[in-house]
There are 2 protein chains.
Amino acid sequence: MDTFPAEKIQAASSGLRAIAHELRLAILCHLSGGPLTVSELLARTGANQSNLSQHLAKMRMLGVLDCERRGQQVTYRLANPAFAQIAEALKAIYCASDTEQNSGDPAACPNPSPTQRSTP
Amino acid sequence: MDTFPAEKIQAASSGLRAIAHELRLAILCHLSGGPLTVSELLARTGANQSNLSQHLAKMRMLGVLDCERRGQQVTYRLANPAFAQIAEALKAIYCASDTEQNSGDPAACPNPSPTQRSTP
DNA sequence: AAGTTATATTATCTTATTCTAATATTGTCA
DNA sequence: TGACAATATTAGAATAAGATAATATAACTT
């Protein structure tokens, strides 16, 4: 996959920023099952009202969520169902059925590593 | 999709944070086509060497990339092929074939919006 | 060993995120 | 109209992320 036009990268990274936060990802996951009102999200996430509202606003402004008011309740939904696929991919990565994920040292790498010659 | 265990959300959001940046997303896209050396990434992204290295380090520490040194070159690759799916999903969202994406005001919403009664 | 290439690390400054608390809007109902 | 419920907004302080420049390390070459 190299065909991601450079001009779109900026927009896409904004979209990612919109969900790259513990609470906002939780919101995404909950909304992947269908629209929910703020109260429902409040109950499911256990978040602080003001804080939740701010995060919802950010997700909306960054184009991840749409919302609609009905009386005094506001319902939020994914602006694009493909956002749920991102949650799916994450689940595949972080909820692998195996016992453990990656046994290696996360920081292990380049300079510290032992020499490996390309032409032994 | 509500079956994303709460304990995993934190790890997953770290993974997202690792790619929620213009340059890091570009790196992900380039590596989706297969492993590349730092020099190759340097050429393709046009980034500053020090900066690129720091972003690669962050992606590695957050578990998105693996790397391996061969002589004086270091090759980076996706730690999990499923990360490429995220790039695919983003492409679906942000590179829709239609002329334009979402024509609505991104900020339009709740309080500012006109009344809609639930029982008209 | 000295020079050179490839890459990583550190330091610092600037800017952006995030949380909390307080307050404001909007809509409903008695 | 006045109280209440649902949600949004603002302001401020604390923390994190980012860019740049300078320097360090590691491996190769002569």
Side-chain angles (χ1 to χ4, degrees), chain A residues 10 13-14 16-27 35-62 65-76 106-120, chain B residues 10 13-14 16-27 35-62 65-77 107-120:
Chain A
Q10 185 170 13
S13 67
S14 298
L16 278 180
R17 243 190 349 267
I19 60 175
H21 179 278
E22 208 166 333
L23 177 54
R24 296 197 299 264
L25 177 56
I27 291 169
L36 292 173
T37 66
V38 175
S39 325
E40 289 168 325
L41 285 168
L42 212 40
R44 298 180 198 216
T45 63
N48 163 291
Q49 186 273 316
S50 167
N51 199 215
L52 177 65
S53 184
Q54 286 176 99
H55 283 293
L56 288 170
K58 170 166 278 195
M59 294 176 82
R60 167 161 43 86
M61 286 203 299
L62 290 173
L65 302 183
D66 280 342
C67 67
E68 177 191 7
R69 168 160 234 140
R70 275 206 153 248
Q72 47 189 344
Q73 313 228 120
V74 176
T75 298
Y76 280 84
C109 216
N111 276 344
S113 79
T115 304
Q116 283 174 297
R117 295 189 53 93
S118 43
T119 49
Chain B
Q10 186 171 11
S13 68
S14 298
L16 277 180
R17 249 196 337 273
I19 60 176
H21 178 278
E22 208 167 331
L23 177 54
R24 296 197 299 264
L25 177 55
I27 291 169
L36 292 173
T37 66
V38 175
S39 324
E40 288 168 327
L41 286 168
L42 212 41
R44 300 182 196 215
T45 62
N48 165 291
Q49 185 273 317
S50 167
N51 198 215
L52 177 65
S53 184
Q54 283 176 97
H55 284 293
L56 287 170
K58 172 168 276 191
M59 294 176 82
R60 168 162 42 88
M61 285 203 301
L62 290 172
L65 302 183
D66 280 343
C67 65
E68 176 191 6
R69 168 159 235 143
R70 274 210 152 242
Q72 48 189 341
Q73 312 229 120
V74 177
T75 297
Y76 280 83
R77 79 194 64 234
C109 216
N111 276 343
S113 78
T115 304
Q116 282 174 296
R117 297 189 51 92
S118 42
T119 50

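In what follows, chains are A, B, ... by sequence order, proteins preceding strands, each numbered from 1.
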Is any side-chain nitrogen or oxygen of R69(A) closer than 4.0 Å to OP1 or OP2 of dT25(C)? no

First locate atom CG of L23(B), then atom CE of M59(B), and finally report the distance between them rounded to the nearest 0.5 Å. 8.5 Å

Mind checking if S53(B) touches a base, just sugar-phosphate, or nothing, with heavy atoms under 4.0 Å? base

Validation row: R77(B), E68(B) side chains within 4.5 angstrom (heavy atoms): yes

Taken to the nearest whole Å, CG/N48(B) to P/dT10(C) is 17 Å

Quick one: which of dG18(D), dT9(C), dT17(C) gets closest to the side chain of H21(B)? dG18(D)

For the CG atom of L25(A) and the OG1 atom of T45(A), what is their distance to the nearest 0.5 Å? 12.5 Å

Distance from L36(B) atom CG to L41(B) atom CG, nearest 0.5 Å? 5.0 Å

Counting just side-chain N and O atoms, does H55(A) come under 4.0 Å of either OP1 or OP2 of dA8(D)? no

Does any N or O donor sit under 3.5 Å from an N or O acceptor when you compare the side chain of Q54(B) with the base of dT20(D)? yes

Rounded to the nearest angstrom, tell me the gap between atom CG in L25(B) and atom P in dA17(D). 18 Å

Expressed in angstrom and rounded to an integer, what is the separation of R17(B) atom CZ from dT17(C) atom P? 13 Å

For a quick test of reading the model: is some side-chain N or O of R24(B) closer than 4.0 Å to OP1 or OP2 of dG18(D)? yes

Could you give the CG-to-P distance, from L65(B) to dT7(C), as a whole number of Å? 14 Å

Of the candidates dT7(D), dT28(C), dA8(C), the side chain of Q72(A) sits closest to dT28(C)

Choosing from dA6(C), dT20(C), dA8(C), which nucleotide comes nearest the side chain of N51(A)? dT20(C)

Rounded off to whole Å, could you give me the CD-to-C1' distance for the E22(A) and dT17(C) pair? 15 Å

Which nucleotide in the list dT7(D), dT17(C), dA21(D) gets nearest to the side chain of S50(B)? dA21(D)

Checking R17(A) side chain against I19(A) main chain: does a donor-acceptor pair fall under 3.5 Å? no

Measure CD/Q73(B) against C1'/dT25(D) and give the value in whole Å, please. 16 Å

Tell me: CG of L42(B) to C1' of dA8(C), nearest whole Å? 13 Å

Return the value, rounded to whole Å, for the distance between atom CG of L36(B) and atom P of dA6(C). 16 Å

5′-ward residue of the pair K58(A)/S39(B) relative to DNA chain C: S39(B)

So does Y76(B) get a side-chain nitrogen or oxygen closer than 4.0 Å to the phosphate oxygens (OP1/OP2) of dA6(C)? no

Determine whether any donor atom in the side chain of Q49(A) lies under 3.5 Å from an acceptor atom in the base of dA8(D), or the reverse, and answer yes or no. yes

